[in-house]
Amino acid sequence: MENPTQMHAEYVFRKHNAGHPNVISVFLNKARKLHTTHSWDFLRLEKNGVVHRSSLWKKAEFGQDIIIANLDTGAWPESKSFSDEGFGPVPSRWKGICQKEHIDTGFACNKKLIGARYFNKGYIAKGGKITASMNTPRDYNGHGSHTLSTAAGNIVHGASVLGLVNGTAKGGSPRARVAAYKVCWPPVHGSGCMDADILKAFDAAIHDGVDVITVSLGGKPSDYFDDGLAIGSFHAVKNGIVVVTSAGNRGPEPGTVTNVAPWIITVAASTLDRSFHASAEMQNGLVLKGASLSKPTLPEEKFHPLISAAQAKTANASVDDALRCKKGTLDPKKASGKILACLRGENTFIDKGHQAALAGAVGMILCNNETTGNEIFAVPQVLPAININYTDGVRVFDYIAASKDPRAYITGPETTLNIKPAPFMGVFSSVGPNTITPQILKPDITAPGVDIIAAYSEAVNPTGEDYDKRKSPFNVLSGTSMACPHVAGVVGLLKSLHPDWSPAAIRSAIMTTGRTRDNTFHPMRDATETDKATPFNYGAGHLRPNQAMNPGLVYDLTLNDYYDFLCTLGYNQKNMTLFSGTKSPHRCPKHQQSLNHLLNFNNPAITIPNISPSSPITITRRLKNVGSPGRYTARIRLPTRVFSAYVNPTVLEFDHVGQEKTFNLTIEVKDANELQDTYIFGELRWTDQVHYVRSPIAIASMSDISYKT
């Protein structure tokens, strides 16, 4: 068997020149960034710690013996999340290794963490410096342990972060085996995960026999031919392995979503209905709730002077910089012994708290700006601190301005459940449309990614700052990096329950069963909670594992479908070898098809970025029955003032599992003025009154519009 990703990695290293006949493509060894448990209760796999017999957890035996790989910063093998207590022999199909050097004799795999490797030649080629002690799959960052344990960590009782929040930590497939592939290292020019290393890791994971690959990293979107993660994931999917990736943390700007290849599951991040709440209590009786992972001001319930951080500015600092508690802007003579009200933005939460502490502050109230709205984070600050939303932040500054002697204190954190509304989108979560192929909706799905508790490396502190000397076996992180392994864990369950489903079928099952309403039964909102979120925020909706195990119908795809997709993009025979990995690649049609042919790609979502205002368009889809026999009826939801739309046929009858049927969807514009400079959203739903197979629809009249909601 040929080794296509290894072959390509060598090209990335430029060991051959571009003129060599066997060199298909020479592209830059691009750098990529890490995209930084009540979750499973919120996702209804359990309720108050009780797992119902109808839960996907029970049906799939908690992912028993599925193998989940993680491309990240490695793993902390001593974590209880990776203990092999109660595990049987390693599955015989496993072909991997536990790579370790003499320098790290303490690193050991077991029957849970069954494999670990590291890859750094691409990092070194990019200018990264590696010492002998770094040649190990051990996690010296924390990100990899966190993501891997979220996907498939053990059930660990008594997990806590610095002793402040306690509970049970568990992964999505807690009985699965895990393997760590370390591809990320200390950043060079802002990034530490190199395409060459990612490709080698994909190749190793395919060889080793994994079932699922979770990848919480990415870079700016680029053409698939020039995207190492897209190429590596294609080879994995070709081998029946499901690849799950993070959508990126460059939101809320439109067109920022990354990892947009249609053969991978791209995950956005949204909130849970749980928060770590503390209170900031003012002397005038005002009590404001917020998020916190730090101790209370001491002595408890004693009021301390409260000032705006701008009032503590040094002589040469600007008001704006001091208000944001930036380095060198706070005067200890003015800040000492006081609680500072700092404004969110520009520098990190942790840095703001550190600067306040250096200036002698006894606490910090971190106030959201208008952009970040109601999205608040629990962060393990080095001083008593609380993050409050924009509206409450305005109230704090108003109180300071109106009072002659404003005073406050901050309480310690408590876990609060059943928060409403939830979920809503993380403000950081990257947003569509897909800038590489606008006809493919991305992200695909959203999952919990805010304030997620999971295992962490004890080689580092929970804040990642040199001055922080604390250590914790668990930590709370937020990002699409945290959302991605939630989906990967559920994929592990689906692979266990339905081993015959293709990666495309699993992707379809997850997408078509997603929900678009929050726990108040209203449409999901963005982070401000004032604007309705769209499929460009959440894809097909919020993850629903129990529904995904029985979707009724799926939009399946074959390798030839993917090859034809690449052909339509203009890839020639030689280019196709990069993806096929063989000397006899897929043959593209002699006459290149127009980009409109992409509209017929059997994607679970329907995106038409360039509909003609003057003529109707008809697209084709194919549905496969994966459930009981049924009679499905179509229903379209689109604004009738803007479009006329119909499905042919309107009814599909399925007699047996595996049966496939095709339908056409025709859409015509009635009012072109409504389509100017914007996308309009809707949905197509097939139902037999038991299953609801929902596809989001996004339509615009031009492919180069300026996106707005």
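Please read these numbers as outputs of a predicted model, since none were measured by experiment.
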Any donor and acceptor pair, going by atom type alone, linking the side chain of D451 with main-chain N or O of V476 inside 3.5 Å? no
Between Y692 and R515, is a side-chain contact (heavy atoms from CB on, under 4.5 Å) present by the stated rule, with each step listed? CA-CA 11 Å; Y692 295 88; R515 68 176 183 181; over 6 Å; no
Could you check whether any side-chain heavy atom of E375 comes within less than 4.5 Å of a side-chain heavy atom of R344, counting everything from C-beta outward? yes
Please examine the side chains of K442 and I264, heavy atoms only from C-beta on, and report whether any two atoms are closer than 4.5 Å. yes
Neighbour count above 12 (heavy atom, 6.0 Å) for K334 NZ: yes
Does E674, at its CD atom, have more than 12 non-hydrogen atoms belonging to other residues, nucleotides or ligands within less than 6.0 Å? yes
For K302, enumerate each residue passing the side-chain contact (heavy atoms from CB on, under 4.5 Å) test, keeping only those at least two apart in sequence or located in another chain. P299, H304
Taking the six-membered ring where the residue is Trp, are the ring centres of W57 and H52 under 6.0 Å apart? no
Walk me through whether V51 and L45 qualify under side-chain contact (heavy atoms from CB on, under 4.5 Å). CA-CA 7 Å; V51 182; L45 287 174; over 6 Å; no
Would you say the side-chain atoms of N387 and N368 include a donor-acceptor pair closer than 3.5 Å? yes
Centroid-centroid under 6.0 Å between H542 and F42 rings: yes
Quick one: closest heavy-atom pair of D273 and H38, and the distance? OD1-NE2, 2.7 Å
Could you work out, with side-chain contact (heavy atoms from CB on, under 4.5 Å) as the rule, every residue matching A455, not counting sequence neighbours? S79, S81, S149, F474
Of the non-hydrogen atoms in D139 and S145, which two are nearest, and what is the gap between them? OD2-OG, 2.7 Å
side-chain contact (heavy atoms from CB on, under 4.5 Å) partners of R517, counting only residues at least two apart: P523
Taking side-chain contact (heavy atoms from CB on, under 4.5 Å) as the definition, give me every residue that meets it alongside T329, ordered by chain and number, with sequence neighbours left out. A317, D321, A322, K326
Tell me, do L323 and F397 make a side-chain contact under 4.5 Å, heavy atoms counted? yes
When rounded to the nearest 0.5 angstrom, what distance separates CD1 in I400 from CZ in R407? 13.0 Å
Under the side-chain contact (heavy atoms from CB on, under 4.5 Å) criterion, do N546 and S55 qualify, and how do the steps go? CA-CA 6 Å; N546 292 330; S55 166; 4.0 Å; yes
Does one side chain, of S216 or T147, offer a donor that lies under 3.5 Å from an acceptor on the other? no
For T607 and I440, indicate whether the former's side chain and the latter's backbone hold a donor-acceptor pair under 3.5 Å. no
Per the disulfide bond (SG atoms under 2.5 Å apart) rule, what does the pair list look like for residues 440-481, sequence neighbours excluded? none
Can you tell me how far apart CG (L343) and CG (L340) are? Round to the nearest 0.5 Å. 13.0 Å
Under a 3.5 Å distance rule, please check whether T411 uses its side chain to pair with a backbone N or O of S279 as donor and acceptor. yes
Taking all non-hydrogen atoms of both residues, which atom of L71 and which atom of L217 are closest, and how far apart? O-CD2, 3.5 Å
Strictly by modelled atom types, are T463 and N461 linked by a side-chain donor-acceptor pair under 3.5 Å? yes
State, with a plain yes or no, whether a side-chain heavy atom of D526 is found less than 4.5 Å away from one of F424. no
So the side chain to side chain donor-acceptor pair (under 3.5 Å) pairs with at least one residue in residues 426-435 (sequence neighbours excluded) are N434-T437
Should the heavy atoms of other residues, nucleotides or ligands under 6.0 Å from NZ of K295 be counted, would the total exceed 12? no
Quick check: do M282 and I365 have side-chain heavy atoms less than 4.5 Å from each other? yes
Mark yes or no for whether S160, through its side chain, and L162, through its backbone, hold a donor-acceptor pair below 3.5 Å. no
Measure across P545 and V490 and return the closest heavy-atom pair with its distance rounded to 0.1 Å. CG-CG2, 3.8 Å
Could you tell me which non-hydrogen atom of T258 sits nearest to which non-hydrogen atom of T266, and how far apart they are? O-CG2, 3.5 Å
Shortest non-hydrogen contact from P609 to Y679? CB-OH, 3.3 Å
Only one of T214, V244, T480 clears side chain to side chain contact (heavy atoms under 4.5 Å, CB included) with V267; which? V244
Quick check: does any side chain N or O of Q381 sit under 3.5 Å from a backbone N or O of S292, one acting as donor and the other as acceptor? no
First locate atom OG of S457, then atom NZ of K471, and finally report the distance between them rounded to the nearest 0.5 Å. 8.0 Å
pair V379-I350: side-chain heavy atoms closer than 4.5 Å: yes
Side chain of T256, backbone of V431: donor and acceptor closer than 3.5 Å? yes
Under 30°, 30 to 60°, or over 60°: which ring-plane class applies to H354 and Y467, parallel, tilted or perpendicular? parallel
Taking the two cysteines C193 and C184, decide whether their SG atoms are closer than 2.5 angstrom. yes
Going by atom types only, do D320 and S318 share a side-chain donor-acceptor pair under 3.5 Å? no
Are any of the side-chain heavy atoms of T150 and M482 separated by less than 4.5 Å? no
Any salt bridge between R395 and D398, counting N to O under 4.0 Å? no
Test item: H486 and W40 side chains (from C-beta on) under 4.5 Å apart, heavy atoms: yes
Rounded to the nearest 0.5 Å, what separates atom CG in D351 from atom NZ in K327? 8.0 Å
Would you check, one step at a time, whether the test side-chain contact (heavy atoms from CB on, under 4.5 Å) holds for Y390 with N374? CA-CA 6 Å; Y390 171 68; N374 292 327; 5.6 Å; no
Using atom types as modelled and distance alone, determine if a side-chain donor or acceptor of H143 lies under 3.5 Å from a backbone N or O of D72. no
Intermediate values then yes/no, side chain to side chain donor-acceptor pair (under 3.5 Å), D518 and T520: CA-CA 5 Å; D518 61 29; T520 69; 2.6 Å; yes
Taking CZ in R44 as the centre, count heavy atoms belonging to other residues, nucleotides or ligands within less than 6.0 Å. Is the count above 12? no
Between OH on residue Y409 and CD on residue E281, distance to nearest 0.5 Å: 3.5 Å
Donor-acceptor under 3.5 Å (N519 side chain, I419 main chain): yes
Salt bridge (charged side-chain N to carboxylate O under 4.0 Å, His left out) assessment of K333 paired with D331: CA-CA 5 Å; K333 293 179 181 178; D331 187 342; over 6 Å; no
To the closest 0.5 Å, what do you measure between CG (L293) and CD1 (I386)? 11.5 Å
